[in-house]
Trainee: 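Just dropping this structure here.
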Number of protein chains: 2
Amino acid sequence: MLSDPIARTRRFHRAVTTEAGVLDSSFLGRGRPLGPARVLNAIGHGMHDIGEIRAYLRLDSGLMSRLLRGLEDEGLIELTASSTDGRRREAQLTNSGRAEFAEYERLSDQQAEQIVARHPRPEILLNAMDIVATALGMERVRLEELSPEEPRARACLQVYYEELAQRLRTGFDVTRSADPEATDMIPPRGSFLIALSDGLPIGCVGLKGTDKGYAEIKRLWVAQSARGMGLAGQLMDTVEDRARSLGIDLLRLDTNSALPEAIAFYRKRGWTEIDRFNEDPYPDFFFEKRL
Amino acid sequence: MLSDPIARTRRFHRAVTTEAGVLDSSFLGRGRPLGPARVLNAIGHGMHDIGEIRAYLRLDSGLMSRLLRGLEDEGLIELTASSTDGRRREAQLTNSGRAEFAEYERLSDQQAEQIVARHPRPEILLNAMDIVATALGMERVRLEELSPEEPRARACLQVYYEELAQRLRTGFDVTRSADPEATDMIPPRGSFLIALSDGLPIGCVGLKGTDKGYAEIKRLWVAQSARGMGLAGQLMDTVEDRARSLGIDLLRLDTNSALPEAIAFYRKRGWTEIDRFNEDPYPDFFFEKRL
DNA sequence: CTTATTACCTGACATTTGTCAGCAAATTCG
DNA sequence: CGAATTTGCTGACAAATGTCAGGTAATAAG
């Protein structure tokens with residue numbers, strides 16, 4: 001009974017939804033119904049495109065429209081037509097909207113603080129919450145193909161470079177490495193995929209087209225909090241499929257012996273070690289895989 | 001960001017409320033709004049008194065009344081006047097109500113199962129969920145007196161014995177120890193209390209009556225995930241009160257030097273060390289407390 | 001250019017939920 | 001016993017939410 005996974009999970013769910021009810025009362029504490037409050041918060045958190053907010057909150061277009069008008073009448077937001085697509089509209093907080101959003105943030109922070117504060121050993125609780133949040137967020141991970149120049153892609157690469165710099169003995173300076181031209185990672189020549197969890201980038205992988213009869217896998221990275229959940233495998237599966245669909249039948253990649261788990265990962269996935277195939281100063285392990 | 005307690009807690013909250021939204025869609029999956037579904041589930045989980053359900057779900061009396069009538073019209077529940085208080089009413093599931101409730105249970109179980117099954121290392125996730133659920137549910141912990149033969153009581157004792165076997169040098173074989181007769185832990189001779197967190201047992205303590213002018217405290221246990229939250233103290237307070245109400249004025253207990261935190265705990269709570277008072281092979285520390 | 005399609009809006013309507021005042025019956029307390 | 005309290009019901013209303021059938025303008029597709 002005590003080890004029954006179903007009973008334990010359902011108890012967790014009950015505990016958390018009861019608590020969530022309490023937390024959500026913070027929304028009501030400012031005399032505004034849940035609907036408008038959720039929209040205001042979505043905008044405050046950087047969602048500007050109406051369609052994006054609608055999809056995220058799963059709202060009917062009619063309802064959404066009325067909620068926006070309500071917030072506009074309150075003077076909390078401004079709506080402007082999108083510059084790239086005249087049908088779309090974009091929402092921005094006004095000054096008083098920013099103040100109101102900040103107030104919601106303050107309340108949320110306070111609630112969060114209380115939960116942690118009343119635990120005798122906060123770090124234990126926090127670690128447990130990280131594990132749960134990562135696990136639950138995992139099913140909502142979406143893979144998206146986009147340009148490596150795009151801000152979210154650059155954010156991934158930034159962290160990737162920083163981690164490399166820490167782990168390689170020699171450090172890592174991306175300007176000295178063979179930094180793939182962005183155009184090599186854009187279809188139909190190549191591809192760049194990022195994994196998004198609730199809109200937050202937690203992983204990426206690049207497929208760099210060459211003129212040498214093969215393509216290269218570059219920049220495979222998974223955020224610390226998401227490791228051990230098979231995300232790297234998911235990224236690789238997807239990028240291999242994408243390579244096939246682009247007519248590529250041979251893949252190569254280089255890596256470094258300072259990253260033993262990466263080497264084991266490639267071996268397990270059917271890559272075979274080959275001789276050095278480039279003059280990049282950082283890698284010392286080279287792999288190949290025929291699709 | 002990853003070490004900031006507030007950011008981590010809020011990320012957890014986001015992950016969990018999104019997931020809860022998905023889970024709650026299981027309520028909607030049966031073509032019934034959330035309100036009636038919640039009431040039906042409360043009744044199915046053993047809440048019969050209308051007032052109790054109302055307090056639990058925080059519903060207005062008018063709304064509650066209409067929800068009940070709706071369920072009655074659907075033929076899912078029956079309402080009867082309370083035998084002890086003519087003002088109160090009690091709700092019972094009809095046969096078709098039981099079938100409907102079972103269907104909700106099946107859906108919930110299925111959802112719970114999926115969450116766990118998707119995780120590469122379920123036990124890590126389950127432990128994390130236990131810690132979170134216990135922390136959030138600490139205020140809702142209920143102590144219940146029941147027979148040590150009851151399944152939930154046996155489940156507690158089972159874990160207790162297993163932990164003892166691990167921690168004692170000598171191992172632990174319950175059949176060699178002075179296993180209290182169940183009847184000694186049933187009122188009016190004794191008592192057995194378990195702590196329930198959202199229905200899941202997370203701790204227990206036994207009060208074993210004797211004919212020697214004192215009663216013994218036995219089987220004080222708190223689940224790993226609930227330790228450090230003051231539950232042991234709560235259990236002891238309650239069982240001491242219970243002892244008083246049964247006319248007992250002297251308590252004894254035995255324990256083992258392999259459990260130093262237990263010994264410190266008893267000392268802090270006003271127990272005094274005494275000489276060995278039994279021939280049980282496992283304990284080597286003996287305490288007494290006058291009520 | 002014509003025809004879909006897309007993104008969003010509007011109005012109309014139903015349902016669900018929240019809230020309140022008032023009422024009746026049962027119970028408690030002086 | 002009689003007044004106060006408790007429990008729960010009813011009706012009336014307001015607010016919030018869900019849903020749908022159009023409509024307009026911008027864009028994409030043929």
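Letters A, B, ... are given to chains in the order of the sequence lines, protein chains preceding strands, and every chain is numbered from 1.
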Trainee: State plainly whether the residues D184(A) and R189(A) are in salt-bridge range, i.e. N to O under 4.0 Å.
Mentor: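 Between R189(A) and D184(A) there is a salt bridge, with a charged N closer than 4.0 Å to a carboxylate O.
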Trainee: Which part of the nucleic acid, if any, lies within contact of T84(B), taking any heavy atom under 4.0 Å across all strands shown: a base, the sugar-phosphate backbone alone, or nothing?
Mentor: sugar-phosphate
Trainee: Could you state the atom-to-atom distance from CG of L34(B) to P of dT17(D) in whole Å?
Mentor: 14 Å
Trainee: Which nucleotide, dA12(C), dG8(D), dT19(C), lies nearest any side-chain atom of D60(B)?
Mentor: dT19(C)
Trainee: Could you tell me how far apart R54(A) (CZ) and dT19(D) (P) are, to the nearest whole angstrom?
Mentor: 13 Å
Trainee: Compare side-chain N and O positions of R69(A) against OP1 and OP2 of dT10(C) and report whether any pair is under 4.0 Å apart.
Mentor: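 For dT10(C), OP1/OP2 do have a side-chain N/O of R69(A) under 4.0 Å.
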Trainee: R87(A) has an atom CZ; how far is it from atom C1' of dT5(C), in whole Å?
Mentor: 8 Å
Trainee: Tell me, which pairs form a side-chain hydrogen bond (donor to acceptor under 3.5 Å, both in side chains) where one or both residues lie in residues 235-245 of chain B, sequence neighbours left out?
Mentor: E145(B)-R242(B), D237(B)-R269(B), E240(B)-K289(B), D241(B)-R244(B), R242(B)-S245(B)
Trainee: Between C1' on dG18(D) and CG on L57(A), what's the gap in Å once rounded to a whole number?
Mentor: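 The distance from CG of L57(A) to C1' of dG18(D) comes to 15 Å, rounded to the nearest Å.
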Trainee: How many Å lie between CE on M64(B) and C1' on dC20(C), as a whole number?
Mentor: 19 Å
Trainee: Is there a donor N/O on one and an acceptor N/O on the other, under 3.5 Å, for the side chain of R66(A) and the base of dT19(D)?
Mentor: yes
Trainee: Would you kindly check whether a donor in the side chain of R38(B) faces an acceptor in the base of dT17(C), or vice versa, at under 3.5 angstrom?
Mentor: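 In this structure, the two groups form no donor-acceptor pair.
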Trainee: Without decimals, in angstroms, what is the distance between L59(A) CG and dA16(D) P?
Mentor: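 Those two atoms, CG and P, are 15 Å apart.
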Trainee: Should the pair E72(A)-R69(A) be classified as a salt bridge under the 4.0 Å nitrogen-to-oxygen rule?
Mentor: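 Between R69(A) and E72(A) there is no salt bridge, as every charged N stays at least 4.0 Å from the carboxylate O atoms.
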Trainee: Measure the distance from CG on D49(B) to C1' on dG8(D) and round it to the nearest whole Å.
Mentor: 11 Å
Trainee: If you check the P33(B) side chain, which of dT16(C), dA7(C), dC9(D) turns out closest?
Mentor: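 It is dT16(C).
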Trainee: Rounded to whole Å, how long is the line connecting atom CG of L67(B) with atom P of dT16(C)?
Mentor: 10 Å
Trainee: Please confirm whether the backbone N or O of L207(A) pairs with a side-chain atom of S191(A), one donor and one acceptor, at under 3.5 Å?
Mentor: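 A pair under 3.5 Å: no.
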Trainee: Kindly point out which of dT17(D), dA26(D), dT19(C) is positioned nearest to the side chain of D85(A)?
Mentor: dA26(D)
Trainee: Among dC8(C), dG18(C), dC9(D), which nucleotide sits nearest the side chain of L63(B)?
Mentor: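 The nucleotide sitting nearest to the side chain is dG18(C).
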Trainee: Should the pair R54(B)-E52(B) be classified as a salt bridge under the 4.0 Å nitrogen-to-oxygen rule?
Mentor: no
